[in-house]
Amino acid sequence: MPMPQRVQYPDSIEPLVQFIEDTPPEEILDRALDKLRDGVSIQTMLTASALAVTRSTEMPPGHHGGPLHPLAGLYAVSKLVERLEGEERFVPVLQHVALSNKHIHHPAMGPYQLLQFEPLDPGGFEAGKAAFLMAVQRGEWNNSDHLFQWLWQNAPPIEVFDLLMSVAIPKNFNDDHYFMFPGALWRSFETGVLDKALLPLLMRPAVRFVTRSPVAPPNPIPTPLPAIEALIEEHQLLGRIHRQRTGEDETAAIGELGEAIGRVDVFADIPVLMAKALVDGLSLEGAGEALSIGAAALFLRSLGGNPMDVHLHTSVNLRRYLLRLDGLSIKNKLLLLMTWHTGPEIRSTAGRMQPAPQPDMAAVAALPARSQEALLDAIAHSIYNQPPTDWSTVTNLGMMKAVPEVRETVNLATQYVQCGYDPQAFIARLAEIVCHDNFTEMHAFKHHQSIVEEYYATREPWRWMHLVCGAQAAAISFGKNMAVYEQYLELLHAA
């Protein structure tokens, strides 16, 4: 066998990729900022960062590390850049490059080289589908990688993606990222963040991740998938002709379902409510909007203090995007609606909930009146002055509870939306705040983008909750680790 060769990129971007791979972590911010100032475009830098972390990092056990969060965060980073001005636009890009470079140089993920693969011809799409499903059963991610190189080239990409998601969505129970990694990456291609010519290459880590057997500790409860599939069968949801698009005629039904989801104390009740609404004729898009309303209400009830626990929003936002995709199977769309609550990071919220409804409107009413600008300053001040975390007392990040001061931020944000102040100004202020974060490995950026999109995609009178959720998440994540932002400020002042 010839000596395997690592993946090579076009001469137009190979030197920049090598720069991100080879630069020592202590130098990457300074030198990447110089390149951006010298005219390297933001999209080119992000593409190079994605290519570098794909070629030179391996996925460790679990989901933290390797290419997963840098690739899944690309779409959110590109959109956050658009809400910033001047050199502040460089900050999310530098965060991305620094994260990719950190993973490349981390002993748990490198050194590593993604090798060039010859596509494995399975004998047609149906044979390829069968071979992939068998590889999934065995956890043979290398075999799947070979198979998908052929499938991307020889079948419509949406059919290949649908096949991948048919495995990824049910695995949501084991880890939210099985579903979110390929879905978020696909969105980057479909929205022009990444060149579609790179799809077969950059989807390779997602294919490998989705194929492998779950490595997280055993779940304390059995998988809910059989009960969900039984619910689909009981109501004959696969045999129905579902309305795809929503309209103004669905407002009452969407609100009723969304509010019911937001009041549940047992998350397993959610697919039962969803199935009934679909039987009653609610559109798939309308069901996704109702799920979004419910997710926001549940997040506002959450006492969770783990900055990573933002999947209530990021997951529902991605599901709503995928529900709109032509070519995704009805089975996958139904599972998108029925499995939202099953991921470990969402399930963990169920044990740390305040009673419905939240926020505390009496506390909001007691706040002094402020102008729009004064209230924005008060919200920012409350976020910037959250009590520091005593990490010596944190034994399980997933079980952290939010400090009481987070509720002050929530109340101020609720007052802002009640006053009818400009949502764009609120979003712009939050965009500046979330740029500080490098603790969550893109989670803060993804949540911010999700609440912005959900605000504009959700109808009145429920959309306000998404903006308040953005402030709540920012208060929880702020200050945990801001080393990249602080180093950027030093570079800015030294220029």
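Predicted model, so just to flag it, every value in this text is computed and none were measured.
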Tell me if a side-chain donor or acceptor on H96 pairs with a main-chain N or O of V93 at a distance below 3.5 Å. no
Would you be so kind as to tabulate the donor-acceptor pairs closer than 3.5 Å made by side chains of residues 237-246, with sequence neighbours excluded?
residue: R240; atom: NE; partner: H235; partner atom: O; Å: 3.1
residue: H242; atom: NE2; partner: L237; partner atom: O; Å: 2.6
residue: R243; atom: NE; partner: R245; partner atom: O; Å: 2.8
residue: R243; atom: NH1; partner: D249; partner atom: OD2; Å: 2.9
residue: R243; atom: NH2; partner: D249; partner atom: OD1; Å: 3.0
residue: Q244; atom: OE1; partner: K333; partner atom: NZ; Å: 3.3
residue: Q244; atom: NE2; partner: L323; partner atom: O; Å: 2.7
residue: R245; atom: NH1; partner: E285; partner atom: OE2; Å: 2.5
residue: T246; atom: OG1; partner: E250; partner atom: OE1; Å: 2.5
residue: T246; atom: OG1; partner: R459; partner atom: NH2; Å: 3.2

Is I261 close to H341 at the side-chain level, that is, under 4.5 Å between some pair of heavy atoms? no
What's the spacing between I20 CD1 and L51 CG if we round to 0.5 Å? 8.5 Å
Where the side chain of R319 meets the backbone of L336, is there a donor-acceptor pair that is under 3.5 Å apart? yes
Side-chain heavy atoms of I42 within contact of F90, under 4.5 Å: yes
Check: N142 and F117 side chains under 4.5 Å, non-hydrogen atoms: yes
Give me the atom names and distance for the closest heavy-atom approach of S283 to L278. O-CD2, 4.3 Å
Kindly indicate whether the side chain of D162, heavy atoms from C-beta on, has any atom under 4.5 Å from the side chain of N332. yes
Which residues satisfy the salt bridge (Lys or Arg N to Asp or Glu O under 4.0 Å) test with R187, sequence neighbours excluded? E453
Residues R89, E82; criterion side chain to side chain contact (heavy atoms under 4.5 Å, CB included); working and verdict: CA-CA 7 Å; R89 299 170 69 244; E82 296 174 3; over 6 Å; no
Can you find a heavy atom in the side chain of I104 that is under 4.5 Å from one in the side chain of Y112? no
Using modelled atom types and a 3.5 Å cut-off, is there a donor and acceptor pairing between side-chain atoms of T54 and backbone atoms of A50? yes
N101 (side chain) donor-acceptor with T23 (main chain) under 3.5 angstrom: yes
Sequence neighbours excluded - salt bridge (Lys or Arg N to Asp or Glu O under 4.0 Å) pairs with any residue from residues 143-160: D145-R204, D145-R208
Salt bridge (Lys or Arg N to Asp or Glu O under 4.0 Å) partners for E190, two or more places apart: K196
Looking only at heavy atoms, which two atoms of P182 and F161 are closest? And how far apart? O-CE1, 3.7 Å
Contacts of Y321 that satisfy ring-ring contact (aromatic ring centres under 6.0 Å, His included) - sequence neighbours left out: none
Show the numbers, then the answer: is there a side chain to side chain donor-acceptor pair (under 3.5 Å) between S450 and H466? CA-CA 9 Å; S450 294; H466 295 297; over 6 Å; no
Does F478 reach the side chain of D437, with side-chain heavy atoms less than 4.5 Å apart? no
Sequence neighbours excluded, the answer for side chain to side chain donor-acceptor pair (under 3.5 Å) partners of Q236 is E233
Listing request: all salt bridge (Lys or Arg N to Asp or Glu O under 4.0 Å) pairs with a residue in residues 52-78, at least two apart in sequence or in separate chains. E14-R55, E21-R55
Using distance alone, with no hydrogens and no angle criterion, decide if N172 and T339 have a side-chain donor and acceptor under 3.5 Å apart. no
Donor-acceptor pair, H313 side chain versus G470 backbone, under 3.5 Å? no
Between L257 and L291, is the side chain to side chain contact (heavy atoms under 4.5 Å, CB included) condition met? List the steps. CA-CA 8 Å; L257 176 58; L291 188 59; over 6 Å; no
What is the distance from atom CG of L284 to atom CZ of R324, rounded to the nearest 0.5 Å? 12.5 Å
Salt bridge (Lys or Arg N to Asp or Glu O under 4.0 Å): pairs with one or both residues in residues 95-104, sequence neighbours excluded: K102-E441
For atom CD of Q8, is the number of surrounding heavy atoms from other residues, nucleotides or ligands below 6.0 Å larger than 12? yes
T211 vs V207 side-chain heavy atoms within contact, under 4.5 Å: yes
Can you tell me how far apart CG (L337) and CD1 (I228) are? Round to the nearest 0.5 Å. 11.0 Å
Could you list the donor-acceptor pairs under 3.5 angstrom formed by side chains in residues 149-157, with sequence neighbours left out?
residue: Q149; atom: NE2; partner: P200; partner atom: O; Å: 3.1
residue: Q153; atom: NE2; partner: Q149; partner atom: O; Å: 3.4
residue: N154; atom: ND2; partner: W150; partner atom: O; Å: 2.8

Please lay out, stage by stage, how H447 and H311 fare under the test ring-ring contact (aromatic ring centres under 6.0 Å, His included). CA-CA 8 Å; H447 186 267; H311 288 201; over 10 Å; no
Distance (rounded to the nearest 0.5 Å) between I232 CD1 and I330 CD1: 9.5 Å
Does E432 come within less than 4.0 Å of R83, counting only side-chain N to carboxylate O? no
Identify each donor-acceptor pair in which a side-chain atom of residues 27-35 lies under 3.5 Å from a protein atom, sequence neighbours left out, and give them as a table.
residue: E27; atom: OE1; partner: R31; partner atom: NH1; Å: 3.4

Count the heavy atoms of every other residue, nucleotide or ligand shown that sit under 6.0 Å from CG of D280, and state whether that count exceeds 12. yes
Distance in Å, D121 CG paired with H146 NE2, rounded so as to fall on 0.5 Å steps: 13.5 Å
Do you see a donor-acceptor pair shorter than 3.5 Å between the side chains of S49 and S100? yes
Acceptor/donor pairs from residues 129-136 side chains to any protein atom, 3.5 angstrom cut, sequence neighbours excluded:
none

Give a yes or no on whether the ring-centroid distance for H69 and H103 is below 6.0 angstrom. no
Would you check if there is a donor-acceptor pair between the side chains of T458 and R320 at a distance under 3.5 Å? yes
Residue pair L194 / L46, side-chain heavy-atom distance below 4.5 Å: no
Taking E345 for its side chain and G343 for its backbone only, find out whether a donor-acceptor pair lies under 3.5 Å. no
With distance as the sole test, does S315 use its side chain to make a donor-acceptor pair with the main-chain N or O of L312 at under 3.5 Å? no
Inter- and intrachain pairs under ring-ring contact (aromatic ring centres under 6.0 Å, His included), touching residues 35-54, at least two apart: none
